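The structure appears below as structure tokens.
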Amino acid sequence: QKITVIYNGIDEENSLKSTSTGSSSSPDGKLTIACVANLRPIKGHRYLLEAISQVVKNFANVQLLLIGEDNMEGELQQLSQNWGIQNHVCFLGKRKDIPSLLQSVDLCVLPSLSEGMSNAILEYMRAGKAVVATRVGGNPELIEEGRTGLLVEAGSGEALANAINQLLADSDLRKRMGEAGRKRVEKLFSLERMVKEYDQLYRSIFT
């Protein structure tokens with residue numbers, strides 16, 4: 001009775017609006033996947049790389065963009081070499097143009113082993129992209145399973161690969177999920193809504 005949950009809100013003015021088609025946006029025809037998360041073990045990137053090593057067997061034109069500060073001293077680069085997917089993985093480092101980058105991708109992924117309330121997932125959905133994420137922390141509260149994205153077991157490259165393969169194979173499904181996710185963010189996760197709920201909470205406490 002003493003707990004109030006206020007979800008994060010996303011600033012629409014700093015996020016590009018999208019009416020994503022769900023089809024490949026890359027000029028070279030590649031199917032592009034984005035993962036926005038600083039490179040740390042808890043974010044589960046190794047399992048995503050393992051998944052990509054399986055996905056390339058079905059989609060030879062797939063490209064993974066890893067966006068975030070690298071705190072793993074080359075470990076993930078070495079793993080991509082070991083799995084022979086170095087030509088399919090781009091380490092972009094820390095970027096300030098993430099909303100723009102997301103416009104050109106086909107699918108977004110967050111393979112975290114643990115998570116709070118992910119701003120990355122909100123950004124994905126705001127950009128109109130279907131999402132594959134692990135079933136941890138607040139992720140199931142953001143993603144409507146089967147409607148705005150797919151949730152998978154954490155720490156499983158195979159589970160990630162299966163979900164990614166399913167969405168890469170169906171551009172119409174990606175489009176529907178992306179549009180549903182965008183509408184969900186606009187309705188439930190706006191910055192205006194978050195500020196209003198904080199204001200109401202403070203007023204209820206101090207008045």
Side-chain angles (χ1 to χ4, degrees), residues 18 20-26 28-37 39 41-68 76-77 79-92 98 101-113 115 118 120-137 139-140 142-182:
S18 172
S20 172
T21 62
S23 59
S24 178
S25 304
S26 303
D28 53 8
K30 290 183 178 179
L31 287 168
T32 307
I33 301 168
C35 175
V36 180
L39 277 55
I42 197 67
K43 292 298 183 179
H45 290 90
R46 64 164 290 114
Y47 301 102
L48 179 53
L49 292 179
E50 180 184 350
I52 294 301
S53 72
Q54 299 302 312
V55 170
V56 295
K57 298 176 182 178
N58 298 310
F59 300 96
N61 61 335
V62 74
Q63 181 180 54
L64 172 64
L65 307 181
L66 295 183
I67 304 167
L76 296 177
Q77 287 86 343
L79 279 176
S80 67
Q81 291 273 354
N82 294 345
W83 274 315
I85 56 172
Q86 64 273 15
N87 294 331
H88 296 273
V89 183
C90 298
F91 294 84
L92 300 186
I98 291 173
L101 286 171
L102 293 182
Q103 298 307 300
S104 63
V105 308
D106 300 283
L107 177 64
C108 293
V109 180
L110 191 68
S112 303
L113 304 181
E115 195 64 62
S118 171
I121 289 179
L122 292 178
E123 289 282 358
Y124 295 164
M125 294 196 300
R126 186 65 188 87
K129 305 300 175 179
V131 183
V132 173
T134 46
R135 194 178 284 103
V136 298
N139 291 356
L142 298 181
I143 297 171
E144 289 183 281
E145 174 72 24
R147 186 167 184 270
T148 65
L150 300 176
L151 294 168
V152 302
E153 176 188 355
S156 173
E158 181 180 1
L160 282 167
N162 290 339
I164 291 170
N165 279 330
Q166 179 182 344
L167 291 181
L168 289 183
D170 193 337
S171 61
D172 288 337
L173 179 59
R174 294 199 308 271
K175 179 180 179 180
R176 292 195 301 272
M177 286 185 168
E179 182 63 17
R182 184 180 62 80

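Please read these numbers as outputs of a predicted model, since none were measured by experiment.
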Q: Please report the shortest heavy-atom distance between Ala159 and Val152, naming the atom on each side.
A: O-CG1, 3.7 Å
Q | Backbone N/O of Ser112 and side chain of Thr134: donor-acceptor pair under 3.5 Å | A | yes
Q. Just how far is it from atom CG of Leu92 to atom CD1 of Ile98, taken to the nearest 0.5 Å?
A. 9.5 Å
Q: Would you confirm whether Tyr124, through its side chain, and Gly178, through its main-chain N or O, come within 3.5 Å as a donor-acceptor pair?
A: no
Q) Is the closest side-chain heavy-atom distance between Met177 and Leu150 below 4.5 Å? A) yes
Q | Non-hydrogen side-chain atoms of Trp83 and Ile52 separated by less than 4.5 Å | A | no
Q: Say whether, by atom type as modelled, one donor and one acceptor occur between the side chain of Lys129 and the main chain of Val105 under 3.5 angstrom.
A: yes
**Q.** SG on Cys90 to CD1 on Ile33, rounded to 0.5 Å
**A.** 11.5 Å
Q) Could you give the distance from CG (Leu39) to CG (Leu66), rounded to the nearest 0.5 Å? A) 6.0 Å
(Q) If we ignore hydrogens and angles and just use 3.5 Å, is the side chain of Ser118 paired with the main-chain N or O of Ala120 as donor and acceptor? (A) yes
Q: Could you list the residues that satisfy side chain to side chain contact (heavy atoms under 4.5 Å, CB included) with Pro41, not counting sequence neighbours?
A: Met72
Q. In terms of side-chain geometry, is the basic nitrogen of Glu179 or Arg182 positioned less than 4.0 Å from the acidic oxygen of its partner?
A. yes
**Q.** Inter-residue atom distance Ile85.CD1 - Leu79.CG, 0.5 Å rounding
**A.** 8.5 Å
Q. At what distance, to the nearest 0.5 angstrom, does CZ of Arg176 lie from OG of Ser171?
A. 9.5 Å
Q.
I need the minimum non-hydrogen distance between Arg135 and Leu151, along with the two atoms involved.
A. NH2-O, 3.0 Å
Q: Evaluate the side-chain proximity of Ile121 to Asn139: yes if any heavy-atom separation is below 4.5 Å, no if none is.
A: yes
Q: State, with a plain yes or no, whether a side-chain heavy atom of Leu31 is found less than 4.5 Å away from one of Arg174.
A: yes
Q: Please tell me if the side chains of Leu110 and Glu115 come closer than 4.5 Å, counting only heavy atoms from C-beta onward.
A: yes
**Q.** Flag side-chain contact, heavy atom, 4.5 Å: Cys35 against His45
**A.** yes
Q: Please report the shortest heavy-atom distance between Tyr47 and Gly155, naming the atom on each side.
A: CE2-O, 3.3 Å
Q) So, does Asp106 use its side chain to make a donor-acceptor pair with the main chain of Leu168 at under 3.5 Å? A) no
**Q.** Residue pair Ile143 / Ala133: nearest heavy atoms and the distance that separates them
**A.** CD1-CB, 3.6 Å
Q. How long is the gap from CG on Leu102 to CG on Leu65, to the nearest 0.5 Å?
A. 9.5 Å
Q.
Test: side chain to side chain donor-acceptor pair (under 3.5 Å). Region: residues 142-162. Which pairs qualify, not counting sequence neighbours?
A. Glu144-Arg147
(Q) As a test of understanding, state which of Leu101, Val109, Ile67 forms a side chain to side chain contact (heavy atoms under 4.5 Å, CB included) with Val36. (A) Ile67
Q: Identify the heavy atoms of Ala51 and Ala161 that sit nearest to each other, and give their distance.
A: CB-N, 3.6 Å
Q: State, yes or no, whether a side-chain contact exists between Gln166 and Val132 at a heavy-atom distance under 4.5 Å.
A: no
Q. Which atom pair, heavy atoms only, marks the closest approach of Ala60 to His88?
A. O-CE1, 3.1 Å
